Peer 1: 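Here you go, one structure.
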Amino acid sequence: MCDKNRLPEAYLARMELLLGSEYGAFFKSYGERRQYGLRRNPLKITEEAFVKVMPFPLQKISWAREGYYYDAVSRPGSHVLHEAGAYYIQEPSAMAAVEALAPGPGERILDLCAAPGGKTTQIAGRMQGEGLLVANEVIGERAQILSRNVERMGIANCVVCSEKPERLAALFPAFFDRVLVDAPCSGEGMFRKEEAVRREWSEEAVRLCAKRQAAILREAAKLVRPGGVLVYSTCTFSPEENEGTISAFLREHETYTIEEIPCGALFSPGRADWIKEETPGIERCGRLWPHLLQGEGHFVARLRRRGEAKTEEAGSGEREAGAEKRVERRQGREKSFRKERHGTIEEAELCKLVNAFMTEELGIGEGWRQKHAGSLLRFKEQIYLMPDEMPPLAGIRILRPGLHLMTEKKSRFEPAHALALSLGPDDIGKRRAVSYAEAVAWLRGESLPCQEEKGWTALFYEGFCLGFGKASGGQMKNHYPKGLRKSLENP
Ligand code: SAM
């Protein structure tokens with residue numbers, strides 16, 4: 001619910017003009033409760049197991065495959081399962097953009113404006129660890145939050161970077177199968193949720209946002225391969241930032257056409273009558289209105305670059321062939337990590353050591369390796385598994401070049417927290433199950449009494465890995481990263 005008297009007057013006047021007889025119902029929605037949503041992490045748990053393990057009442061969101069409503073009294077952000085990456089808290093309407101993108105395994109996908117990571121983590125779930133996901137956030141501090149969320153959700157095939165769109169466009173022309181532009185906007189659709197957004201709104205801000213969106217989309221257009229998909233989304237209502245931006249983009253880019261949105265029938269069509277220029281197909285855009293569905297405001301457009309298509313739209317035959325190739329690649333994968341493509345002899349030696357550590361000291365088996373493709377990358381003392389298909393990283397600000405595997409100490413390795421969060425219970429031999437109370441103590445940074453032999457052990461709560469501990473002298477020493485430690489309540 002929000003205080004209707006605090007809504008900007010100029011904003012309300014604009015909305016009344018645009019909505020006409022519908023305005024009454026729209027305005028009334030500001031007196032109603034906002035909606036709360038979370039999204040299951042399909043990288044870690046099936047739908048069936050999720051509904052059994054979740055301790056809160058949940059209700060499915062009709063337009064998002066993994067999405068659920070929860071009620072305002074549940075506090076899923078303060079539960080151990082949240083820290084373990086079982087789900088991501090996300091406003092329900094915000095889940096529509098990735099449904100429109102329809103990502104799949106094995107693709108190359110770019111999330112251009114990605115922090116804090118709601119849509120990146122949703123895309124990763126659909127990719128099932130196969131293919132390359134690049135998550136970019138231009139603001140450094142926000143990119144760090146994005147990187148932490150990628151880690152928490154156990155995503156292995158994601159490179160996190162912090163670059164201006166023009167820099168990426170120059171480095172990766174026509175490289176991606178799908179690009180998502182979840183653009184910075186005036187946030188009108190979030191007024192019920194965030195008071196600060198309401199306070200910052202002005203007509204001038206709407207104009208500035210529209211200008212910035214046009215500039216970002218122009219660069220995004222260069223990053224999509226012929227036949228690829230570009231999805232544009234905002235959480236605002238203004239025609240200048242939505243139909244206006246798309247209409248101007250289409251006039252400038254004849255190689256792009258506008259497409260129907262998968263599940264778009266659930267949303268309201270784009271409004272041709274709200275913009276001056278005639279734009280064929282603009283009604284194929286989708287708007288999510290708080291007075292017409294259970295969610296906040298959002299806008300989505302799906303564009304396609306003309307050219308040869310090679311993903312699902314090329315016909316299910318080709319997509320299946322792609323899936324077969326991926327299986328073949330997996331089966332043919334060496335039983336150990338490969339060295340970095342331009343690697344040296346020392347790197348070949350490093351591969352052997354990394355393999356030995358993972359197998360002998362952690363008990364990580366073939367199952368996990370079959371799921372995670374890539375080459376080893378050493379950055380100072382940090383060792384990563386970089387996703388296949390990632391072109392050379394030189395010249396881009398990278399926060400996470402792939403899955404962080406371990407840190408090299410003088411004569412030994414320490415397994416990384418990111419590696420722990422990518423593990424399922426069947427992936428690792430050296431593991432131990434903990435109770436909720438033990439998990440809470442662990443996340444606070446406490447050590448636990450133990451009977452395990454000396455060495456590394458992965459701790460699991462309800463089948464979700466919480467991190468690594470190191471047994472010694474009857475104690476499981478806590479290696480939960482200091483910056484992530486927190487005090488959660490016992491239920
Ligand atoms: N996709 C995110 C999610 O689902 O969690 C939310 C993205 S938010 C709507 C837009 C993002 O664009 C912000 O993180 C903002 O820092 C970033 N941004 C701001 N100016 C930008 C620019 N000129 N180019 C690219 N990104 C920009």
Side-chain angles (χ1 to χ4, degrees), residues 37-39 41 64 66-67 77 87-101 103 109-126 133-153 155 158 160-172 178-191 193-194 196-197 200-201 205-223 230-238 241-242 245 288 295-301 396-397 399:
L38 58 80
R39 203 167 27 72
N41 183 358
E66 299 91 9
Y87 49 85
Y88 188 100
I89 294 173
Q90 188 180 29
E91 193 283 305
S93 296
M95 300 176 195
V98 173
E99 295 295 336
L101 189 70
I109 302 184
L110 169 67
D111 187 357
L112 189 56
C113 312
K119 295 173 184 83
T120 293
T121 55
Q122 191 176 0
I123 295 168
R126 294 291 169 85
L133 174 57
V134 178
N136 179 66
E137 166 56 45
V138 71
I139 298 175
E141 277 174 26
R142 288 178 60 79
Q144 283 177 17
I145 300 171
L146 166 68
S147 183
R148 281 202 291 276
N149 278 325
V150 166
E151 175 175 277
R152 180 171 65 83
M153 300 300 274
I155 301 165
C158 181
V160 179
C161 58
S162 181
E163 276 301 339
K164 288 187 176 160
E166 49 269 37
R167 178 102 187 102
L168 294 179
L171 286 169
F172 303 115
R178 289 167 210 266
V179 173
L180 174 64
V181 174
D182 186 32
C185 69
S186 63
E188 293 165 354
M190 293 297 131
F191 283 179
K193 187 173 163 236
E194 290 171 38
V197 183
E200 279 161 24
W201 185 91
V206 170
R207 275 192 292 275
L208 283 176
C209 284
K211 234 173 129 181
R212 189 164 26 160
Q213 289 149 359
I216 297 174
L217 263 186
R218 208 168 285 135
E219 299 307 322
K222 300 174 192 163
L223 288 150
L230 172 59
V231 164
Y232 172 80
S233 64
T234 71
C235 57
T236 206
F237 302 119
S238 74
E241 296 177 70
N242 294 320
T245 305
L288 287 79
E296 307 308 300
H298 233 81
F299 175 89
V300 184
I396 352 177
R397 257 172 296 172
L399 283 89

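The residues of the chain are indexed from 1 along the displayed sequence. Quantities reported herein were computed from a predicted structural model and do not represent experimental measurements. Whatever order the structure lists ligands and atoms in, that order sets their numbers, starting from 1. What you see below is based on every heavy atom in this structure, not just the backbone, and it leaves out hydrogens, waters and symmetry mates.
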Peer 1: Taking NZ, NE, NH1 and NH2 as the nitrogens, is one of them in Arg397 or Glu137 under 4.0 Å from a carboxylate oxygen of the other?
Peer 2: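 Not counted as a salt bridge, because no side-chain N and carboxylate O are separated by less than 4.0 Å.
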Peer 1: Say whether Gln213 and Thr234, considering side chains only, have a donor N or O and an acceptor N or O under 3.5 Å apart.
Peer 2: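 Not at all, the side chains of Gln213 and Thr234 share no donor-acceptor pair under 3.5 Å.
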Peer 1: With a 4.0 Å cut-off, would you call Asp111 and Lys119 a salt bridge?
Peer 2: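 Salt bridge absent between Asp111 and Lys119.
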Peer 1: Who are the residue neighbours of ligand 1 when the rule is a heavy atom under 4.0 Å from any of its atoms?
Peer 2: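 Around ligand 1, where the cutoff is 4.0 Å for heavy atoms, the contacting residues are Cys113, Ala114, Ala115, Pro116, Gly117, Gly118, Lys119, Glu137, Val138, Ile139, Arg142, Pro165, Asp182, Ala183, Pro184, Arg212, Ile216.
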Peer 1: Scan side-chain atoms only and decide if Asn41 and Thr121 contain a donor-acceptor pair under the 3.5 Å cut-off.
Peer 2: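 Distance-only check fails for Asn41 and Thr121.
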Peer 1: Side chains of Cys235 and Ser93: closer than 4.5 Å at any heavy-atom pair?
Peer 2: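 Sidechains of Ser93 and Cys235: no contact.
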Peer 1: Can we say Arg167 and Glu219 salt-bridge, meaning some charged N sits less than 4.0 Å from an Asp/Glu carboxylate O?
Peer 2: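 Salt bridge between Arg167 and Glu219, a charged N being under 4.0 Å from a carboxylate O: no.
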